[in-house]
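Everything numeric in this text was worked out from a predicted model, so none of it was measured. In listed order, ligands and their atoms are each counted from 1.
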Amino acid sequence: MRKLEEVLRDWEAVIGLEIHAELTTLNTKMFCGCKLEFGAAPNTHTCPVCLGLPGALPVPNRAAIESIVLAGLATNCDIEKHSMFYRKNYMYPDMAKNFQTTQGPVAFCMRGHLDLDVDGPAAGERIDLDGVAVGESRGNVTRTEDGYVAHVGITRIHMEEDAGKMVHLGGGEGRIAGATHSLVDYNRAGTPLIELVTEPDLRTPEEARLFMQKLRQIYLAIGISDCSMEEGSLRCDGNVSLRRRGTTGLGTKTELKNMNSFKNLHDGLAYEICRQAEVLEEGGVIYQETRHWDPSAKRTIVMRVKETADDYRLFPEPDLAPYDLTDEFIEGVRAKLPELPHEKAARYAEAYGLSAYDARHLVEHRATAAFFDEAMAQAAGDAARLAKPLANLVINDATGYVNTHDGSDGAPSGFDGVFARLTPARALELVGLVAEDAISSKQAKEVFAAVIADDADPAAIVEARGMRQVSDTGAIEAVVDEVLAANPDKVEQYRGGKTGLIGFFVGQCMKAMKGQGNPKVINELLEQKLG
Ligand code: ADP
Ligand code: ZN
Ligand code: MG
């Protein structure tokens, strides 16, 4: 098989995503009052409605409707005031009703979009932007300084319910193949799910990954789901087809399942693009089928040939009245819309002059953005001056710490653990000490580690460890004079052109000052006296 970058020179990939999110932050199920709880004893959260017993009548969960409307508003969708629930009929033991309640042609949310900022190496997979100037558009993308913005259409977000969970016993690794018997847990049956479907507007695996990441950040920010890809509360299917560069028709697509991490989504699509290219180049045809991405074997395998919509005999759910949303309801939800991550990032860049890179990393986690916001509020008049070093502290030191500590040694872990010790006030104190030259940025790393380990204030640590950097020109000048007097030969050589000796002189001064001299002042004085 050829490499992705080669394949993409001849073929254009067309990708659309279907993304399911469980509304895990709700208290109860979609059409009954059963509790939503992950990991409860099997079949303890069930009732006649979610078990599909004859005569049981569903009642829609208003909080779930609020969540989907919130998701729609956050992704620029039109909110449909009149929509209906439908029955999607199929028989499988995890679905006791023999149908899934879902939505029909009109969903609560229609016609939305997200704009993706693609830059750096991620922009490299898009190879058709040669000759497009910055600010100019081609198709759904607009060129930027270091990449491009892709406008990705969202077809719809509809409401549906999850099925129960099957447990297969007696076989290998919990799989159905080889199992001697299977159990079913209906606790998950009836969990509210929202499914977002994109237009086939994505063109590279990187764009697919970025879309998924951006959507996850939005869902987390609006608080409708815990979005755990490992636990399956956020799931993604990737649809992909190829067409020859320069043509506009749509090829036959395959659908990839099991994309339970950003990496799997990217790598699965990349593999599938290369596989399809090989089939087509050898004169073969692509069948519309569902395939499974196996990350360890690094290939996709056929799961099933696609059933057509008719097989499901979709029809309006007779037990639920058409759903009408009032303007008051929609506006009430709109009022709950928080500042979204990309809006926050734009504000950071605008208000504090942070780079797009820094701003984007700050909003990557809700905890880092909240911490930064709180610190900036406390910094008041110093906010603009301290924003950049504070961003560095959060992005480099705090995030670095979180990524390398799992709490197994009893030390704090996670952003909650780190920020409980660092606190916005201490973070400001720490970057303030560097800004006023009391300590060097290298010393600041040591102080940061001590703040987390000892739960102490930066200034107290600096005092206790005698770290305060000497910036007093008089004191430094005396040391500089001593060092120059002790090394007349080197002074000669320096003046003769060996300016690289500056490092030697700085080192000697630092040594004399036990590492506490302000390197900037030392350098300045040395250059003055040697010049
Ligand atoms: P299906 O009926 O097979 O579920 P849909 O039309 O509902 O297909 O589309 C499902 C997803 O696949 C959407 O995200 C859509 O954008 C995408 N899609 C549709 N046709 C293609 C295609 N030819 N190539 C790639 N993606 C496609
Ligand atoms: Zn129930
Ligand atoms: Mg479909």
Review point. Relative to atom 25 (C) of ligand 1, which among Val14, Asp201, Leu202 owns the nearest non-hydrogen atom?
Key: Val14

Study note, to complete from the structure: To atom 18 (N) of ligand 1, the nearest of Gln288, Arg156, Lys253 on a heavy-atom basis is Lys253

Review point. So what does the Cys32 SG - the Zn ion (ligand 2) - Cys34 SG angle come to, to 10°?
Key: 110°

Any atoms of ligand 1 less than 4.0 Å from a non-hydrogen atom of [X]? List them with their elements.
{"X": "Val197", "answer": "13 (C), 14 (O)"}
{"X": "Glu199", "answer": "16 (O)"}
{"X": "Gly251", "answer": "23 (N)"}
{"X": "Leu17", "answer": "14 (O)"}
{"X": "Thr198", "answer": "13 (C), 14 (O), 15 (C), 16 (O)"}

Exercise for review: Compute the minimum heavy-atom distance from Glu255 to ligand 1 and say whether it is under 4.0 Å.
Suggested key: no

Counting both backbone and side chain atoms, is some N or O of [X] under 3.5 Å from an N or O of ligand 1?
{"X": "Thr252", "result": "no"}
{"X": "Ile15", "result": "no"}
{"X": "Pro200", "result": "yes"}

Practice item. Is it possible for you to check whether Arg87 lies under 6.0 Å from the centre of the six-membered ring of Phe99, through NZ or CZ, and within 45° of that ring's axis? Key: yes

Check your understanding: Do Arg299 and Tyr271 meet the cation-pi criteria used here (NZ or CZ under 6.0 Å from the six-membered ring centre, within 45° of the axis)?
Key -> no

Check your understanding: Is the closest basic N to carboxylate O distance between Lys165 and Asp185 below 4.0 Å?
Key -> no

Check your understanding: Does the pair Arg216/Asp226 count as a salt bridge with the N-to-O cut at 4.0 Å?
Key -> no

Practice item. Anything under 30° is parallel, anything over 60° is perpendicular, the rest tilted; go ahead and classify Tyr357 against His361. Key: tilted

Practice item. Indicate, with yes or no, if the rings of His365 and Phe415 have centres closer together than 6.0 Å. Key: yes

**Study point:** Gln103 and Ser83: side chain donor to acceptor below 3.5 Å
**Key:** yes

Review point. Is it true that a side-chain atom of Arg243 and a backbone atom of Gly249 form a donor plus acceptor pair closer than 3.5 Å?
Key: yes

